[in-house]
Amino acid sequence: MAARGGPVAFHLYRRAAWRQIRSETGHAEARHRWRYTADMLYLLQDPGLREAYFPTGAAALAVEPAGPADQDAILAIAQAQEPARAAAAIAQWWQKAPEAFSVMRDPAGETSGFYLAAEWRSLQGRLPGGDPVIALLQRHLRESPLGREETALFLRRWLCHSAGERPLPYRPPVGSM
């Protein structure tokens, strides 16, 4: 790799990165292999696929664990975007496992969305009753049990105040770029 720049060097570096990722993935523990997915996707040259995973117009949002002060915003988003039964399930989740919620904040610090996700085993004994999503996941895990070193990530819901479950249509404030 004598050349430092230009198209030939670009392709050489790209191939070297691919080989490194493949090598590390082959030796990584199964529970850590997901970390290499983003690196592999980043190397894609297909503009459509790359834009899907690394959008050029991505919203400038902060994602952080939800706190007690976020309850009203989370429940308001759920009520605005979900049918009554689904919004009620989100409210039950907030009561049983508030630490499973994360919020997205816009540059002004306003809550623009939330998601509800947790490692499945951490939720045992605290699952809200009557949530049909739980029943489906429990049936799936009975039919396909996890191995000793495997885990399941439970992503119950993600919602945005203005766009529901679609990506947030955010534009940076004028003069911010």
Side-chain angles (χ1 to χ4, degrees), residues 10 13-14 17 21 28 31-137 151-177:
F10 171 80
Y13 289 133
R14 203 167 151 270
I21 292 168
R31 64 188 175 111
H32 293 295
R33 288 188 186 139
W34 66 269
R35 295 177 183 188
Y36 297 94
T37 303
D39 291 333
M40 289 179 186
L41 290 170
Y42 191 79
L43 291 174
L44 293 175
Q45 293 298 299
D46 182 291
L49 286 174
R50 189 153 187 185
E51 184 66 21
Y53 289 101
F54 302 98
T56 54
L61 300 173
V63 178
E64 59 190 36
D70 295 307
Q71 177 180 352
D72 291 344
I74 289 169
L75 299 180
I77 292 168
Q79 289 169 354
Q81 295 292 337
E82 296 280 76
R85 184 174 176 199
I90 298 295
Q92 283 185 316
W93 274 103
W94 180 261
Q95 294 304 313
K96 295 279 189 173
E99 76 286 350
F101 285 81
S102 291
V103 293
M104 283 70 71
R105 299 191 196 287
D106 64 21
E110 298 297 319
T111 300
S112 58
F114 74 89
Y115 68 88
L116 164 55
E119 195 275 325
W120 178 248
R121 287 185 180 112
S122 74
L123 298 171
Q124 300 311 300
R126 300 180 304 131
L127 298 170
D131 187 343
V133 175
I134 294 170
L136 290 170
L137 182 58
T151 188
L153 179 63
F154 178 68
L155 175 60
R156 172 60 178 87
R157 196 66 171 122
W158 70 90
L159 285 173
C160 161
H161 178 67
S162 62
E165 64 184 13
R166 295 181 315 274
L168 180 64
Y170 170 72
R171 294 174 196 239
V174 176
S176 68
M177 298 192 95

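What's counted below: heavy atoms across the whole structure, side chains too, no hydrogens, waters or symmetry copies.
Taking the ring pair (Phe, Tyr, Trp, His ring centres under 6.0 Å) definition, one finds that Y115 meets it with nothing, sequence neighbours left out. Every residue two or more places apart in sequence or in another chain that forms a side chain to side chain contact (heavy atoms under 4.5 Å, CB included) with A17 is listed here: L43. Listed by chain and residue number, W120, L146 satisfy the side chain to side chain contact (heavy atoms under 4.5 Å, CB included) test with A152 (two or more places apart in sequence, or in another chain). When the salt bridge (charged side-chain N to carboxylate O under 4.0 Å, His left out) test is applied to E110, no partner is found at least two apart in sequence or on another chain. Partners of Q79 according to the side chain to side chain donor-acceptor pair (under 3.5 Å) rule, which considers only residues two or more places apart in sequence or in another chain, do not exist here. Scanning for side chain to side chain donor-acceptor pair (under 3.5 Å) contacts around Q92 gives an empty result, with sequence neighbours left out. In terms of the side chain to side chain donor-acceptor pair (under 3.5 Å) criterion, S122 has no residue partners (sequence neighbours excluded).
Residue pairs meeting the ring pair (Phe, Tyr, Trp, His ring centres under 6.0 Å) criterion with at least one partner in residues 67-94, sequence neighbours excluded, are W93-F154, W94-F101. For residues 77-101, the pairs satisfying salt bridge (charged side-chain N to carboxylate O under 4.0 Å, His left out) are E82-R157, E99-R126, with sequence neighbours left out.
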Q81/I90 under side-chain contact (heavy atoms from CB on, under 4.5 Å): CA gap, chis, key distance, verdict: CA-CA 11 Å; Q81 295 292 337; I90 298 295; over 6 Å; no
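Side-chain atoms of V103 and I74, non-hydrogen and from C-beta on, do get closer than 4.5 Å to each other.
Of the possible donor and acceptor atoms, none in the side chain of D39 sits under 3.5 Å from a partner among the backbone N and O of Y36. For S112 (side chain) and M104 (main-chain N/O), a donor-acceptor pair under 3.5 Å exists by modelled atom type.
Heavy atoms only, all atoms of each residue included: A91 and L75 are closest at CA-CD2, 3.6 Å. Considering every non-hydrogen atom in both A87 and A78, the closest pair reads CB-O, 3.7 Å. The minimum heavy-atom distance between R121 and T151, with the atom names listed, is NH1-CA, 4.0 Å.
With rounding to the nearest 0.5 Å, the separation of CG in L155 from CG in L137 is 11.0 Å. Taking CG of D72 as the reference point, atom CD1 of I77 lies at 11.0 Å (rounded to 0.5 Å).
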